[in-house]
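Worksheet: the structure to be examined is printed underneath.
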Amino acid sequence: MASESARTGLHEAARCQSLLHELTGGSLGRELEIVLTLLQRVPCLVFIKDVEHRFVFANEMMLRSFGLTSEDQVLGATDHDIHPPELAAIYREMDDQIVATGQPIIDHEDRQMRLDGQVEVVRTTKLPIRDRSGAVVGTMGYSANLTEPTRLSEALIISEQRYALAAKATRDGIWDLHVRSNEVVLNPRAAHLLGMTVHDEPVDGDTILDALLPGHADRLRDAITRVIVEPTEELRLDVALDIDGEPRTVELIATAVVVDGRCVRVVGSAADITAERERERELFHQATHDDLTGLPNRRALMAQLAAGSGHLLYLDLDSFKTVNDSLGHHAGDELLIGVARRLTSLAEDAQLLTVGRFGGDEFAVLAPSSSSDQAALLATRIARLLSTPFRISGVDIYTTVSVGIVRFEATDDPAGVLRDADIALYDAKAAGKARASVFRTEMRDAAAEALDLGMRIRKAVEHLDFELHYQPIVSADTRRITSVEALLRWAPPGRPLEAPSRFLPYLEETKLIAAVGRWVVDESCRQLADWRRRDPSMANVRMSINVSRVQFETGGLARTVFQAIDEHGLGPGDVIVEITETAIGSGTPELTEQLSELRRRGVLIAMDDFGVGQSSLAMLCDMPLDVLKIDRSFTRRILDRTGDPVIRSILDLARELGLETVAEGVEADEQAHWMTANGCVHLQGYLLGRPVPAGDFRVPGSRRLVTSRSSRSKLDA
Ligand code: C2E
Ligand code: CA
Ligand code: CA
């Protein structure tokens with residue numbers, strides 16, 4: 001806006017200063033300085049020009065209204081430099097008139113259209129300035145903008161316009177608080193959100209505060225005070241209120257409008273974030289609660305452990321796996337829900353308890369109890385609570401619970417607390433389940449030992465430090481060998497052999513049995529083929545191989561068996577696959593499918609340990625089976641005569657179903673005789689031969705080859 005001459009700045013300013021001196025009689029008196037300083041600050045435009053129409057003084061308001069930042073930009077300039085030509089011409093004419101006539105012009109008004117369409121009215125008064133001789137040497141004037149006399153600054157006008165536009169354009173709520181009057185103007189949306197009927201005109205700010213839920217009014221008042229005091233801060237606050245009984249959360253965001261360093265208004269938006277907050281709450285709930293039971297989950301429990309002190313009761317259902325395996329996942333889920341419900345009712349009775357689920361069949365009860373005796377008592381109460389059966393899909397299901405108890409303090413590492421609870425739980429399980437163990441530091445040694453065992457077993461798998469022992473199975477009638485059962489042994493270097501009970505659970509748990517099982521199949525088939533080459537009496541003897549469920553699911557057992565048979569030149573009928581009824585019961589369709597496939601191709605299937613599991617008779621009809629192996633626990637009962645009727649029924653049933661039978665664990669002549677007399681087809685046990693390494697294996701009874709094919713027996717080839 002300023003012209004070239006105006007931009008020469010300092011030089012002109014100095015010239016103007018001296019001109020002012022001259023105009024005022026040679027000396028700038030103290031009074032004049034004060035007057036000029038005051039004029040700088042008055043809220044209207046004040047200016048002084050020389051006879052050549054050049055500004056020699058312009059106050060702050062004048063500078064600001066022309067968008068100038070420094071006096072230098074206007075001093076020395078003329079109206080033509082800062083106004084549109086028509087307006088500059090009018091002002092020039094007025095100045096000329098004053099110089100010519102020596103008369104002031106008072107309250108001259110001119111109107112201009114503003115950018116936003118509003119007409120601006122400016123009223124100007126101009127006076128001549130004379131030197132000591134009375135000659136007019138300049139003009140002095142002031143202009144006031146009458147459009148909005150209360151407006152303090154251009155900045156405010158601009159923000160006002162911006163606000164008006166925004167309020168119209170947006171569907172958000174807009175609110176505008178006048179600090180001094182405490183009046184608020186709401187646009188229709190903001191009024192709606194805040195439950196107000198009045199909009200677009202001022203309402204008392206307190207009526208809005210009154211509409212908020214308790215506590216929220218204070219928070220909003222504080223937040224507003226903060227931006228007023230510290231206008232650079234942004235206000236951002238969620239407030240809650242009830243509108244027609246509906247809870248609503250409104251997010252308020254606002255900034256201060258500052259004039260001359262002071263906050264005169266607070267202008268902001270209002271948005272309905274009820275649904276958003278609700279969703280966040282839901283997500284938080286989901287993140288901290290268990291889907292199935294709705295109980296607090298591991299994360300929430302860990303947070304509680306970190307926050308307080310008391311006793312953690314770490315619960316693990318003893319029979320969950322069996323329920324899941326025999327009745328299906330749905331029944332398992334139902335059981336978990338049932339347990340959760342009973343635990344919740346316990347927590348409701350004793351309100352200080354927290355109940356949660358760690359996952360699987362593991363639950364937690366947090367009790368603020370002070371002594372471990374109290375915690376143990378609580379464990380007893382829980383055990384009693386869970387001892388009545390759960391009715392699930394028409395069946396009564398009994399479950400017991402093992403509990404690990406550990407004391408925790410807020411200063412403890414929650415992960416460590418959990419580890420100790422787990423160790424105590426392990427101790428309870430090892431002691432026979434259905435009991436509680438309070439953690440003692442010595443238990444860590446046992447746990448470390450278990451950990452160490454796991455590591456050693458892993459190493460054994462890596463190096464295949466295993467061997468197979470072989471036990472004969474003989475015909476009950478002829479006592480001649482019909483098959484050999486391969487039994488797995490762990491051979492840790494430099495240590496005695498270990499039986500399956502020591503390492504099999506770990507192999508199954510970790511599914512490492514899939515790899516080891518493949519080796520068992522291959523090695524036992526290789527051994528049988530080898531024996532057959534060396535010893536003609538083994539020509540028709542079969543190999544009985546134990547397999548676990550995992551081998552079907554991750555090991556592709558059927559393929560492994562067929563491969564081994566091919567590889568070692570055996571036929572499918574040379575192999576018997578032994579699987580326990582528990583494993584079959586928990587089997588996936590995949591397992592049934594592979595069993596059928598094996599059997600279709602001629603491999604025999606034996607159900608191992610029959611009578612100790614929970615299998616139903618229906619399963620016996622459905623499964624592709626050839627052999628029932630009667631568990632050792634029945635054979636033992638022959639000695640005291642307590643097993644007779646049951647074993648007879650099993651033998652009858654097997655005969656009816658066309659299944660062959662093997663009596664396991666035959667140690668005494670009496671057992672062998674009874675089994676034979678009651679129609680059991682095969683015998684197995686220490687009486688007939690112990691499991692031994694391949695090199696020590698002798699065909700029991702006779703060295704003679706069994707050649708005749710028994711009409712009763714498929715095994716008895
Ligand atoms: P199982 O299949 O019932 O094997 C028979 C178990 O009874 C063997 O125990 C055997 O040594 C033992 N036994 C045989 N005759 C008598 C007897 O007259 N009296 C007594 N008291 N015991 C006798 P072992 O070798 O400790 O095997 C235990 C279990 O480990 C087996 O029970 C079987 O379920 C499992 N197992 C063994 N080898 C393998 C394998 O290669 N793979 C899989 N998945 N499981 C295996
Ligand atoms: Ca077996
Ligand atoms: Ca068995």
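Counting starts at 1 for both ligands and their atoms, following the listed order.
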Contact between Gly517 and ligand 1, counting heavy atoms under 4.0 Å?
no

Applying a heavy-atom cut-off of 4.0 Å, say which part of [X] lies close to ligand 1: side chain, backbone, both or neither.
X      : value
Val520 : side chain
Arg632 : side chain
Lys629 : neither

Minimum-distance pair of heavy atoms, taken over all atoms of Leu336 and Thr293:
O-CG2, 3.9 Å

Could you pull out the closest heavy-atom pair between Ala663 and Val666, with the gap in Å?
O-CG2, 3.6 Å

Between the Ca ion (ligand 2) and [X], is there an N, O or S atom separated by less than 3.0 Å?
X      : value
Ser544 : no
Glu578 : yes
Glu664 : no

Only one of Leu425, Val406, Ile423 passes side-chain contact (heavy atoms from CB on, under 4.5 Å) with Met443, and that residue is Ile423

Donor-acceptor side-chain pairing of Asp318 and Ser402 below 3.5 angstrom:
yes

Please work out which of Arg489, His469, Glu667, Gln471 has its closest non-hydrogen atom nearest to atom 25 (O) of ligand 1.
Arg489

Determine the interplanar angle of the Tyr470 and Trp531 rings, folded into 0 to 90°, and report it as parallel if under 30°, tilted if 30 to 60°, perpendicular if over 60°.
perpendicular

Specify whether Phe466 and Trp519 have parallel, tilted or perpendicular ring planes, treating 30° as the upper limit for parallel and 60° as the lower limit for perpendicular.
tilted

Using distance alone, decide if ligand 1 has a nitrogen or oxygen within less than 3.5 Å of any nitrogen or oxygen in Thr580.
no

OD2 (Asp608) to the Ca ion (ligand 2) to OD1 (Asn546) angle, given to the nearest 10 degrees
90°

